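Every chain is numbered from 1, with letters handed out A, B, ... down the list of sequences. Predicted, not measured: the structure shown is a model, and the values here were computed from it.
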There are 2 protein chains.
Amino acid sequence: MNKNNTTTDKHRSSAAITLDNVAKIAGVSAITVSRAINTPDKVAPETLKKVREAIDKTGYVPNLLAGGLASRSSKLIAAIVPSIANLVYSSTIRLFSKSLSKAGYQVILGDSGYPEVLEEELVRTILSRRPDGIFLTGVDHSPSCRNLLLAANIPIVETWDLTPSPLDIVVGFNHMDVGHAVAKFILSKKYNKVGFVTANDARALLRQRSTLEILSQSGVSDIYATTVPAPTSLEYGRIGAKQIIEEGFDSGVIFCTSDTLAQGVLAEIQSRNISIPDTIAVIGFGDQVFAAHTYPALTTVRIDRERIGQEAADALLARIQKRPVKNKIIDIGFSIIEREST
Amino acid sequence: MNKNNTTTDKHRSSAAITLDNVAKIAGVSAITVSRAINTPDKVAPETLKKVREAIDKTGYVPNLLAGGLASRSSKLIAAIVPSIANLVYSSTIRLFSKSLSKAGYQVILGDSGYPEVLEEELVRTILSRRPDGIFLTGVDHSPSCRNLLLAANIPIVETWDLTPSPLDIVVGFNHMDVGHAVAKFILSKKYNKVGFVTANDARALLRQRSTLEILSQSGVSDIYATTVPAPTSLEYGRIGAKQIIEEGFDSGVIFCTSDTLAQGVLAEIQSRNISIPDTIAVIGFGDQVFAAHTYPALTTVRIDRERIGQEAADALLARIQKRPVKNKIIDIGFSIIEREST
DNA sequence: CACAGAAATGACAGCGCTGTCACAGCACCA
DNA sequence: TGGTGCTGTGACAGCGCTGTCATTTCTGTG
C-alpha cells in the first residue's frame with residue numbers, strides 16, 4: 001500500500017517494481033539483477049545474496065513481456081487441441097506442460113473445438129504471443145495455416161497421427177495399423193457380427209474404415225455401423241448402441257472409437273439386460289484411466305498418451321536449444337489390452 | 001522464403017515483419033497501422049483498406065509482447081485450476097475462455113495439482129506474464145499467495161466456493177448448504193443406512209461433514225464412511241464402495257462427492273450383483289454430462305459449472321473495463337436432480 | 001467567408017527488459 | 001615482469017509496440 005514509488009517521477013500512476021528499483025536497492029546495475037535471476041552462476045555469490053535480498057524486500061516479479069521482447073524468446077509454448085474438456089488430450093497436455101515447465105517454459109492452450117472460430121484465426125491469435133514452439137493436434141491443416149505456421153519460423157510438433165511429411169516433427173501412431181490390428185483381434189475371436197460406433201472425426205473414421213477393410217477381405221460381412229457426432233460422450237455411446245441394436249444387431253462385438261463411447265455402449269447393453277461379453281462384446285479405444293475399472297472391465301487399444309506429451313516436449317526443447325533431433329517422425333505405437341468385455 | 005527483409009540492416013537475422021514494415025508498404029505511419037488494427041473506426045476507410053492490403057500482403061502478425069509492454073495490458077487472463085485433466089473444472093474454464101476471447105482476451109492456464117510445485121511459485125510464474133486478471137479455484141490461499149495476488153493489483157475472481165471476504169470477487173456456491181440439502185433428501189427417502197465415499201479435498205470433506213451433521217441430528221447413526229485420494233476417479237469409486245461394503249454396509253444409500261466416484265460405485269455394486277436402487281441407492285455430485293446416461297441414471301447435485309465460468313468472465317471484464325460490479329459475491333446455487341439411482 | 005470544432009494522421013518517447021561489447025581486477029605461467 | 005585468459009560487472013542501445021500531444025485537413029455554422 002505504501003512502499004511503492006521510490007520515484008514519483010512520471011505522470012503514469014501506481015509504479016510497479018521494476019528491475020531498476022531492485023538494482024538500486026541492491027546497489028548494483030540493472031543488468032546484474034537480470035543475470036542474478038536468469039544466470040545466477042555468472043554472478044558472484046555475495047552480489048547474488050544482495051540481489052536476492054532486494055528482490056525479497058520489494059516482492060519483485062519479473063516482467064516476461066519485457067523480457068521476451070528484449071530476448072526474442074517468450075518462454076511460451078503454444079498447444080492447439082480440439083478441446084481442453086476432452087480427457088483424451090488433457091493427459092497428453094498435462095505431461096507436455098510438466099516437462100516444459102521444468103525447462104522454464106509455460107504452455108498456452110488454444111481450443112480448436114469451436115467451429116465458429118476459424119483455425120487460422122486461432123493460430124494468428126496464438127502466434128501473436130510469439131511462442132517459442134507450437135504443439136498441434138493432428139496433421140491436417142489448411143494451407144493458410146501451414147503458411148502462417150511456417151512463416152513463424154519456430155519449432156512445430158504435430159501429434160496424434162503420423163505423416164511422412166511433417167511440418168517439422170511428428171509424434172503419434174498409425175491409425176490404419178490400429179484398425180488392422182483390431183480387425184485381426186476380432187477375427188481371432190470369431191465373432192459372427194461386428195458393430196461400429198464411430199465418432200465423426202477424421203482419425204476415428206480412418207480406424208473404422210481400416211478395420212472394415214480387413215474384415216471384409218476375410219469375408220465378415222454382417223456389419224452394423226453408425227456414426228455419432230464428435231466429441232464423444234457416454235450419451236452418444238448409448239445412442240449409437242441403441243441404433244445398431246434396433247437395426248438388428250443382437251450378438252457379436254461392437255468396436256467403439258473411444259473408451260467414452262464404449263462406456264455408453266456398456267450402459268445401453270446393460271440396460272437391455274444383455275450379457276457382456278457372452279452375447280455382445282465391446283472394444284474401446286484409448287485405454288483411459290477408467291477403462292480398467294468399468295464393469296465389466298473394458299478391452300481397448302492402449303495409447304500411451306503421456307508419452308506423446310513427453311516426446312513432443314523433448315523434441316521441441318531439443319529444437320529450441322538447437323540440439324540435434326534424432327528422429328523427426330516418432331511412432332509411439334499402440335497395443336490391444338484384453339479385459340473382460342471381450 | 002524470400003519476401004522477407006526489406007532492410008537487411010542489422011546483424012540480427014531473419015527479420016520478422018513488424019508494424020513499421022507494414023506502415024512503409026501501406027504508405028502511412030506506424031501508429032496508423034496500430035490504430036487500423038486496434039481501433040479501426042478511428043481510421044479513414046481508404047486508409048484502412050490500404051493498411052489491410054499491406055497486412056495481407058506481408059502476412060503480418062502483431063507482436064503482443066511488445067503491444068502489452070507498451071500499453072501495460074497483456075490481454076491475458078490467468079486461470080489457476082487444480083487440474084486441467086479434471087472435467088469438473090474444464091467445463092467451467094471452457095466457458096470462461098470463450099466469453100473472454102470474444103472480448104479479445106486469452107486465457108493462460110496454471111495447474112496447481114502438482115504437490116511438488118508450491119502454489120506461490122505458480123502464482124509468481126503466472127504473474128510474470130502480467131495478466132490483466134486472474135481466476136482462482138477455491139478461496140483458501142496461503143498468506144504469501146494473497147500478498148502476491150494483492151500486490152499485482154489486478155482484478156481477481158475466486159470460484160467454486162463462497163466466502164464473506166473475497167480477495168475481490170467470488171463466484172460459487174455453499175458447500176455446507178449442499179450437505180444439508182443432501183441430508184434432507186436422504187431423510188425424506190428413509191434409507192436405513194448411509195455410506196459416504198469422499199474425496200480427500202477440503203470442499204468435498206465439508207460437504208460430507210455437513211450431510212453427516214443433519215443426519216446425526218435426526219438420529220441416523222448407521223454410517224459407513226471412507227475417504228479416497230483426490231482427484232477422484234472411477235477406480236477410487238470402486239475401491240471406496242468395496243471398502244464400505246466389506247465393512248458391513250449392505251443396503252441404503254451411498255453419497256459420493258463426485259459423479260466420477262459415483263460411477264465407480266455403480267460399477268462395484270453391479271459387479272456384486274446387488275440391485276440399484278432397490279438394495280443400494282447412489283447419489284453423486286456435479287451432474288457431469290454422463291450422469292444422466294449411466295445405467296441406472298445417476299441422482300446427483302447439479303452445479304451449473306458453465307455459469308461459474310460465465311459469471312467469472314463477466315465480473316472480470318467489468319472490473320477491467322472499470323464498469324461497476326453489482327455484486328462481489330455471486331452465489332450460483334445448486335439443485336438435486338433425482339434420477340434412477342435413488 | 002471566417003472560424004470553431006471534429007476527424008484523421010503523425011512524431012516522439014518510453015514500456016522493462018536483455019544482447020553486446022567494453023573494461024576492471026585477478027590468478028597464473030613462462 | 002609482462003602477457004594471457006578468466007570472472008564479474010556495467011553502459012548502452014534497442015526489442016516492437018502504444019500513449020500522448022501536436023498538427024493537418026475537413027466539415028458546418030452564423
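Asp20(B) has its CG atom 7 Å from the P atom of dC17(D), to the nearest Å. Across the protein-nucleic acid pair, Ile31(B) atom CD1 and dC12(C) atom P stand 13 Å apart, rounded to whole Å. Atom-to-atom, NZ of Lys24(B) to P of dC17(D) comes out at 12 Å; the value is rounded to the nearest Å. Distance, Ile37(A) CD1 to dG16(C) P: 14 Å, rounded to whole Å. Taking atom CZ of residue Arg130(B) and atom P of nucleotide dC17(C), one finds them 7 Å apart after rounding to whole Å. In this structure, Leu69(A) atom CG and dT18(D) atom P are separated by 12 Å, rounded to whole Å. Between the CG atom of Leu127(A) and the P atom of dG16(D) there is a distance of 16 Å, rounded to whole Å. The distance from atom NZ of Lys75(B) to atom P of dC15(C) is 21 Å, rounded to the nearest whole Å.
Here Ser34(B) reaches the OP1 or OP2 of dT18(D): one of its side-chain N or O atoms lies under 4.0 Å away. Close to dG16(C), at under 4.0 Å from its OP1 or OP2, lies no side-chain N or O of Thr18(A). When the side-chain nitrogen and oxygen atoms of Ser29(A) are compared with OP1 and OP2 of dT9(D), none of them lie within a distance under 4.0 Å. Look at Arg72(A) and you'll find a side-chain N or O under 4.0 angstrom from OP1 or OP2 of dG16(D). Residue Tyr60(B) has a polar side-chain atom (N or O) positioned under 4.0 Å from OP1 or OP2 of dC17(D). Residue Asn38(A) has a polar side-chain atom (N or O) positioned under 4.0 Å from OP1 or OP2 of dT18(C).
Not a single ring pair (Phe, Tyr, Trp, His ring centres under 6.0 Å) links Tyr105(A) to another residue, sequence neighbours left out. By the salt bridge (Lys or Arg N to Asp or Glu O under 4.0 Å) test, Glu306(A) pairs with no residue at all, sequence neighbours left out. The salt bridge (Lys or Arg N to Asp or Glu O under 4.0 Å) check on Lys98(A) picks up Glu116(B), with sequence neighbours excluded. Not counting sequence neighbours, the partners of Glu120(B) by the salt bridge (Lys or Arg N to Asp or Glu O under 4.0 Å) test are Arg124(B).
Looking at Thr32(B) and Ser29(B), their side chains do bring a donor and an acceptor atom within 3.5 Å of each other.
To the nearest 0.5 Å, atom CD of residue Glu119(B) and atom CG of residue Leu148(B) are 10.0 Å apart.
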Please table the atom pairs, donor to acceptor, closer than 3.5 Å between any side-chain atom in residues 161-172 of chain A and protein atoms at least two apart or in another chain.
unit_1	atom_1	unit_2	atom_2	d
Thr163(A)	OG1	Ser165(A)	N	3.2
Asp168(A)	OD1	Arg319(A)	NE	2.9
Asp168(A)	OD1	Arg319(A)	NH2	2.8
Asp168(A)	OD2	Ile156(A)	N	2.9
Asp168(A)	OD2	Arg319(A)	NE	3.2

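Distances were taken from every side-chain heavy atom of Leu19(B) (C-beta onward) to each of dG10(C), dC17(D), dT18(C); the shortest belongs to dC17(D). Here dG19(C) is the nucleotide among dG19(C), dG10(D), dG16(D) with the atom lying nearest to any side-chain atom of Ser71(A).
Ring orientation note: the planes of Trp160(A) and Tyr89(A) are nearly perpendicular, at an angle over 60° on the 30°/60° scale.
An end-to-end axis angle of 40° holds for the helix from dC1(C)-dG30(D) to dA30(C)-dT1(D), taken from five base pairs per end and rounded to 10°.
Looking at residues 40-49 of chain B, you'll see Val43(B), Ala44(B), Thr47(B) sit with a heavy atom under 4.0 Å from some atom of DNA chain C.
Contacts classified as salt bridge (charged side-chain N to carboxylate O under 4.0 Å, His left out) and involving residues 105-114 of chain A (residues at least two apart or in different chains) are given here: Asp111(A)-Arg94(B). Residue pairs meeting the ring pair (Phe, Tyr, Trp, His ring centres under 6.0 Å) criterion with at least one member in residues 55-74 of chain B, sequence neighbours excluded, do not occur.
The base of dG10(C) sits within donor-acceptor range of the side chain of Arg35(B), with an N or O pair under 3.5 Å.
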